[in-house]
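Only this structure's heavy atoms are used, side chains among them; waters, hydrogens and symmetry mates stay out. Protein chains get the first letters and strands the later ones, always in sequence-line order, with residue 1 at the start of each.
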Amino acid sequence: MPELPEVEVTRRSFADAIAGARVQGVRLGKPLRWPLGVAEQVMLGREVGAVTRRGKYLWLPLHGGGASGGGLLLHLGMSGSLAFQTRPAEPGPHDHFDLRTSQGLLRLNDPRRFGAVVWSESLEQGPAAKLLAGLGLEPFDPRFDGPHLKVGLSGRRVAIKQALLAGDIVVGAGNIYACEALFLAGIDPRAQAGRLSGPRCARLAAAVRQVLGAAVEAGGTTLRDFKDAHGVAGSFQMQAQVYGREGESCRVCQTPIRRIVQGQRSTFFCPTCQKR
DNA sequence: CAGTGGCCCTGAGCGC
DNA sequence: TGCGCTCAGGGCCACT
């Protein structure tokens with residue numbers, strides 16, 4: 001479900017509300033992708049700091065407790081969402097992590113359980129460091145531009161769509177936004193990554209930033225169940241040009257949108273507007 | 001080292 | 001109504 005925009009929208013929706021809260025307890029449901037890796041006792045009484053995001057991960061620093069550092073690294077996987085409630089409901093069958101605090105309950109709901117909540121001593125060490133190590137630049141980092149993309153893609157024989165999705169050059173463009181960015185840039189998703197010209201790399205870098213930025217502003221994409229931490233749905237799906245539109249006509253040239261499979265993921269594109 | 005595919009799970013939708 | 005199949009917004013890891 002959540003790509004960078006959904007994760008960012010989620011972050012913004014509860015960061016202020018939880019900042020400064022004291023941890024009062026933890027509840028675990030079924031196992032997520034990895035074990036939490038810390039005893040509840042370690043977190044009790046700690047103060048929640050400023051929630052940050054790196055790629056599709058959220059970092060929830062937990063200060064104090066004598067031992068100083070530490071925090072929780074969260075990932076929403078394919079079907080995860082966070083809710084922050086001041087009047088907590090009973091946990092449902094897919095509520096697999098609760099952080100009870102003095103200012104409300106942060107709850108992870110994740111039917112497929114590809115998501116994760118992992119304790120780490122800091123972002124720079126422990127499990128967090130390892131998980132974030134291979135990530136590319138943030139799309140809104142000024143260093144992410146055409147030349148950076150060109151260098152990252154050089155020598156790669158995979159299709160540009162798969163190279164974007166890999167996240168080691170630029171993070172955050174998942175299956176929806178990779179398709180949308182390639183449409184916006186007029187690039188065929190099957191084009192060989194390492195063969196993209198400088199100008200096309202520049203166009204693609206701009207398109208990635210534009211699509212992700214627009215999606216954040218629209219509150220993310222709600223295909224079926226994405227909601228922010230206060231239960232608000234996104235609306236970017238309304239402006240999707242290609243994703244999920246197989247057989248429908250291109251909004252620019254009326255050619256039917258095609259769906260193909262790349263690396264076991266669906267790709268949607270306009271065979272007329274997007275060129276190799 | 002780049003590239004490929006399996007796998008971790010549950011639920012929805014569809015054809016029969 | 002029920003069954004079996006396919007597909008779904010991610011990404012780690014083993015293997016070639």
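Hydrophobic clustering (ILVMFWY, side-chain heavy atoms < 4.5 Å, transitive): Leu44(A) and Leu105(A) are in distinct clusters.
Heavy-atom distances to DNA chain B give each of Arg113(A) and Gln264(A) a nearest nucleotide, and the one nearer the 5′ end belongs to Gln264(A).
Here Tyr177(A) does not reach the OP1 or OP2 of dG9(C): none of its side-chain N or O atoms lies under 4.0 Å away. The side chain of Ser266(A) places an N or O atom within less than 4.0 Å of a non-bridging phosphate oxygen (OP1 or OP2) of dA8(C). At least one side-chain nitrogen or oxygen of His94(A) sits closer than 4.0 Å to the OP1 or OP2 atom of dG11(B). Taking side-chain N and O atoms only, His75(A) has a distance below 4.0 Å to OP1 or OP2 of dG11(C). At dG9(C), one or more side-chain N or O atoms of Arg265(A) fall inside 4.0 Å of OP1 or OP2 (strictly under the cut-off). Between Lys30(A) and dC9(B), a side-chain N or O to OP1/OP2 separation shorter than 4.0 Å is absent.
Closest heavy-atom contact between Cys179(A) and Val242(A): O-CG2, 3.7 Å. Taking all atoms of both residues into account, the shortest heavy-atom contact from Ala233(A) to Lys227(A) is N-CD, 3.8 Å.
At a threshold of 4.0 angstrom between heavy atoms, the contacts of Arg33(A) include nucleobase atoms, whether or not backbone atoms are also involved.
Within residues 156-164 of chain A, the residues that place at least one heavy atom under 4.0 Å from DNA chain B are, in residue-number order, Arg156(A), Arg157(A), Val158(A).
Pairing partner, dA14(C): dT4(B), with both Watson-Crick or wobble hydrogen-bond distances short of 3.5 Å.
Taking 4.5 Å as the limit, every side-chain heavy atom of Thr101(A) sits out of range of all side-chain heavy atoms of Gln24(A). Considering only heavy atoms from C-beta on, Met78(A) stays 4.5 Å or farther from Asp110(A) through its side chain.
Atom CD in Glu6(A) sits about 16 Å away from atom P in dA8(C), given to the nearest Å. The distance between atom CD1 of Ile176(A) and atom C1' of dG10(C), rounded to the nearest whole Å, is 12 Å. Going from atom CG of Leu223(A) over to atom C1' of dG13(B) covers 15 Å, rounded to whole Å. The interatomic distance linking Leu131(A) (CG) with dC13(C) (C1') rounds to 12 Å, in whole Å. Gln192(A) places its CD atom 14 Å from the P atom of dA2(B), with the value rounded to the nearest Å. The separation between Arg53(A) atom CZ and dG10(C) atom C1' is 15 Å, rounded to whole Å. For the pair Leu74(A) CG and dG11(C) P, the interatomic distance rounds to 14 Å; values are reported in whole Å. The interatomic distance linking Lys56(A) (NZ) with dG9(C) (P) rounds to 10 Å, in whole Å.
Only the P atoms considered, dG5(B) is 15 Å distant from dC7(C), to the nearest whole Å. Taking atom P in both dG6(B) and dT6(C), one finds a spacing of 14 Å when rounded to whole Å.
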- Message: Arg54(A) vs Glu138(A), test: salt bridge (Lys or Arg N to Asp or Glu O under 4.0 Å). Steps then yes/no.
- Response: CA-CA 7 Å; Arg54(A) 175 75 176 100; Glu138(A) 286 290 322; 3.0 Å; yes
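In the set dC7(C), dC12(C), dA12(B), dC12(C) carries the atom at the smallest distance from any side-chain atom of Tyr57(A). Comparing atom distances between the Asp225(A) side chain and each of dG9(C), dA8(C), dC12(C) picks out dG9(C) as nearest.
Phe114(A) does not qualify as a stacking partner of the dC9(B) base, lacking a centre-to-centre distance under 5.5 Å together with planes within 30°.
When each of Val117(A), Leu108(A), Leu60(A) is tested with Leu99(A) by the rule side-chain contact (heavy atoms from CB on, under 4.5 Å), just one qualifies, namely Leu60(A). Partner Tyr177(A) forms a ring-ring contact (aromatic ring centres under 6.0 Å, His included) with one of Phe183(A), Tyr243(A), Phe236(A) and no other, that one being Phe236(A).
With hydrogens and angles left out, the side chain of Arg224(A) and the base of dA12(B) share no donor-acceptor pair within 3.5 Å.
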